[in-house]
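Below: the structure, in structure tokens.
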Amino acid sequence: MAETLFLHLPAADQAVGWLPVDTLGNRIGRVQQGGLTDAAAAARGRRLRVLVPGVHISLLRTSVPTRNPQKLLQAVPFALEDLLAEDIESLHFAIGPRDADGCSVAVLQRARLEQWLQQLADAGLKADELIPDMLALPAH
């Protein structure tokens, strides 16, 4: 298992922050700040988990009566449509784990997601995961 680099994309025009962790989740050094190209050097050979601004993401729950993953992907946007102010065609839906009560869903503008991915790609970075920053709270 490789080391991981956590990279935080700020909500505004601020420096990005990053922190490498070892395979056990222990910090390697201190949080560093700079530009995305600076972070790209630290990301080489490591998994990249990007914390994105949660202000742009809605976390919702829904229940869809299907166990088929493909049908779930198709049904979730319509199940949540009445809760959203935007056209579901312009949104990206990331479905979380399911339980007996339904599933968690992260919803954001598709254009915003593409913008983040392009920013990363322009700096030579490819994210393994995008995580809303409000979900990156310490477990204790």
Side-chain angles (χ1 to χ4, degrees):
M1 180 183 240
E3 293 176 350
T4 300
L5 185 79
F6 285 93
L7 175 76
H8 185 234
L9 289 179
D13 289 334
Q14 301 169 349
V16 298
W18 63 90
L19 174 70
V21 297
D22 65 19
T23 57
L24 299 175
N26 299 311
R27 298 166 64 142
I28 301 172
R30 298 180 183 263
V31 174
Q32 297 181 41
Q33 290 188 319
L36 282 174
T37 53
D38 300 324
R44 285 192 194 97
R46 293 181 167 130
R47 287 181 44 89
L48 180 60
R49 292 185 171 163
V50 180
L51 304 175
V52 294
V55 68
H56 300 294
I57 300 168
S58 296
L59 298 178
L60 305 168
R61 285 197 54 84
T62 190
S63 180
V64 177
T66 183
R67 296 203 184 278
N68 182 316
Q70 281 301 97
K71 289 185 180 182
L72 182 67
L73 284 171
Q74 293 170 349
V76 162
F78 297 101
L80 296 173
E81 186 173 21
D82 292 341
L83 300 175
L84 303 166
E86 298 174 72
D87 178 21
I88 60 171
E89 298 299 321
S90 69
L91 300 172
H92 176 79
F93 296 81
I95 301 171
R98 295 188 66 176
D99 58 30
D101 297 326
C103 60
S104 297
V105 183
V107 183
L108 70 150
Q109 293 175 339
R110 183 172 283 119
R112 173 91 51 200
L113 174 62
E114 291 169 357
Q115 176 189 12
W116 289 333
L117 294 174
Q118 189 61 54
Q119 282 179 301
L120 294 169
D122 289 348
L125 295 164
K126 184 176 184 307
D128 293 297
E129 291 180 282
L130 298 178
I131 304 165
D133 58 8
M134 71 267 207
L135 295 180
L137 297 172
H140 57 288

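If you take CG on Leu120 and CG on Leu130, they are separated by 7.0 Å, rounding to the nearest 0.5 Å. One distance of note links CZ of Arg30 with CH2 of Trp18; it measures 15.5 Å at 0.5 Å rounding. Annotation: the span from Ile131 atom CD1 to Leu9 atom CG amounts to 11.5 Å, rounded to 0.5 Å. From Asp82, atom CG reaches atom CD1 of Ile88 across 10.0 Å, with rounding to the nearest 0.5 Å. Expressed to the nearest 0.5 Å, how far CG of Leu51 lies from CD of Glu129 amounts to 10.0 Å. Taken to the nearest 0.5 Å, the CG atom of Asp133 stands 7.5 Å off from the CD1 atom of Ile57.
When side chains are defined from C-beta on, Leu91 counts as touching Gln109, because their heavy atoms get closer than 4.5 Å. Under the 4.5 Å side-chain criterion, counting only non-hydrogen atoms from C-beta, Trp116 is not in contact with Val50.
A donor-acceptor contact shorter than 3.5 Å links the side chain of Asp128 to the backbone of Leu48. Not a single donor-acceptor pair under 3.5 Å links the side chain of Arg47 to the backbone N or O of Ala2. No donor-acceptor pair under 3.5 Å is formed between the side chain of Arg27 and the backbone N or O of Val21. When atom types are taken as modelled, the side chain of Asp122 and the backbone of Gln119 share no donor-acceptor pair closer than 3.5 angstrom.
Under the 3.5 Å distance criterion, with hydrogens and angles disregarded, no donor-acceptor pair is assigned to the side chains of Thr4 and Arg46.
Across Val55 and Ala11, no two heavy atoms sit closer than the pair CG1-CB, 4.3 Å.
Residue Arg98 forms a side-chain contact (heavy atoms from CB on, under 4.5 Å) with just one option from Ser63, Ser104, Pro69, Cys103, and that option is Cys103.
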